[in-house]
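See below for the structure under consideration.
We name chains A, B, ... by the order of the sequence lines, and we start the count at 1 in each one. Bear in mind the structure is a predicted one, so any value in this text is a computation, not a measurement.
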Protein chains: 2
Amino acid sequence: MYVTALQLEEGTRKIYTHLMESDLPQSIRPLDTATMEAVGASSCPLSTGPVDPRVERLVNELIGRVADKWTMLILEVLEEHGELRFTRIGKLVEGISQKMLTQTLRQMERDGLLIRTVHPVIPPRVEYRLTDLGNSLSAAFCGVWMWAAANLDRIEAAREVFDTGRR
Amino acid sequence: MYVTALQLEEGTRKIYTHLMESDLPQSIRPLDTATMEAVGASSCPLSTGPVDPRVERLVNELIGRVADKWTMLILEVLEEHGELRFTRIGKLVEGISQKMLTQTLRQMERDGLLIRTVHPVIPPRVEYRLTDLGNSLSAAFCGVWMWAAANLDRIEAAREVFDTGRR
DNA sequence: CGGTATCCAAGTCGATACTG
DNA sequence: CAGTATCGACTTGGATACCG
């Protein structure tokens, strides 16, 4: 059995993942069913059978988008730096073309992940900052990020075994 | 401040997410720094400042490879049903073409997410089942599913506002 | 049954040029 | 400064036909 506890604080975020329950101090234990209901927590859709097709569609859409590296990287720099201007984001997100920067920022704005503020001055000044929704998405993906970082070696090893067996 | 506790059990999985700390019972609190070190927990790379660009590149590649819609859907049906044959997966994952099924299964096998077992009989019988790595990935994505389910309405509302303002 | 191989349509993305 | 417009290379994925 595994227990994961995720702590979010203003500005920082920590995740404790894939620890054996026996490795944890007594003070950290899974919620029992009654507590779970009391605080309005819900089960993971992945393991409770059929999922609302709307949710499934959205998740797939979302994954398709965040899987694209630009959204993730923009989310990351905005989460780290707070409010940023167009060109600054372009410099911080290395390798992004102007087209993709514009396109990705628009999509993220449309989805309510960030706020775009246009200051009516010359030269134009446009600032971007994450909404609460954007910050919470970044938090939700934390687990995936951790998984990827933690299992990088295992995956590369698996690939090597696979490729060797093929040759 | 938000606290999330994730519990994983054999066969089922539950996630408690985005609860205000004040809504939680006293028994559930974030780990303190000492405990964190003691159990070898690590911080989320997203919030600990600059990440090694090589690691970042690899992680992005991993997420991009692992997070396309077919991988997620196959992961889901295998997690729910256990061991499955090729054609059965094709039926359970609605809309997938044979090409993409083959391609995705191969990639997942290469990455060590699933085991492919060929039974040398006629007609051929090939079975697929998730590895521990595959199961843990499905667990890691739990938070994203929860986020999408919880924020579906907010995103659709944001889109409507955005699109209306554009017209 | 469980695949490969091939073709083709649609989409993605970078580069470049231009604008208020 | 912060975009828009356009073009062309490249990638993706479905459909179809065939194979051990």
Take atom [atom1] of [X] and atom [atom2] of [N], then tell me their distance rounded to the nearest Å.
X	N	atom1	atom2	value
Lys99(A)	dT12(C)	NZ	P	9 Å
Lys91(A)	dA2(D)	NZ	C1'	13 Å
His119(B)	dG2(C)	NE2	P	10 Å
Leu105(A)	dT4(D)	CG	P	11 Å
Ile96(A)	dA15(C)	CD1	P	12 Å
Leu73(B)	dG13(D)	CG	P	13 Å
Asp68(A)	dG11(C)	CG	C1'	13 Å
Gln103(B)	dA15(D)	CD	P	15 Å

Charged N to carboxylate O under 4.0 angstrom, [X] versus [Y]?
X	Y	result
Arg154(A)	Glu156(A)	no
Arg129(A)	Glu80(A)	no
Arg110(A)	Asp163(B)	yes

Mind checking if Arg88(B) touches a base, just sugar-phosphate, or nothing, with heavy atoms under 4.0 Å?
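Nothing, no heavy atom under 4.0 Å.
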Is there a side-chain contact between Val118(B) and Glu127(B) (heavy atoms, below 4.5 Å)?
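Not touching, per the 4.5 Å side-chain cut-off.
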Out of [options], whichever nucleotide has its closest atom nearest the side chain of [X]:
X	options	result
Thr87(B)	dG13(D), dG3(D), dC1(C)	dC1(C)
Phe86(A)	dA2(D), dG3(C), dC1(C)	dA2(D)
Met100(A)	dC13(C), dT4(C), dC1(D)	dC13(C)
Val126(A)	dA2(D), dG20(D), dT4(C)	dA2(D)

What is the minimum heavy-atom distance between Asp111(A) and Arg159(B), and which atoms define it?
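So the two residues come closest at OD1-NE, 2.6 Å.
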Kindly say whether, by distance alone, the side chain of Gln98(B) makes a donor-acceptor pair under 3.5 Å with the base of dG14(D)?
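Not at all, since no donor on one side and acceptor on the other fall under 3.5 Å apart.
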Is the phosphate of [N] approached by [X] (side-chain N or O, under 4.0 Å from OP1 or OP2)?
X	N	value
Arg116(A)	dG3(D)	yes
Arg85(A)	dA2(D)	yes
Arg106(A)	dT4(D)	yes
Tyr128(B)	dG3(C)	yes
Ser97(A)	dA15(C)	no

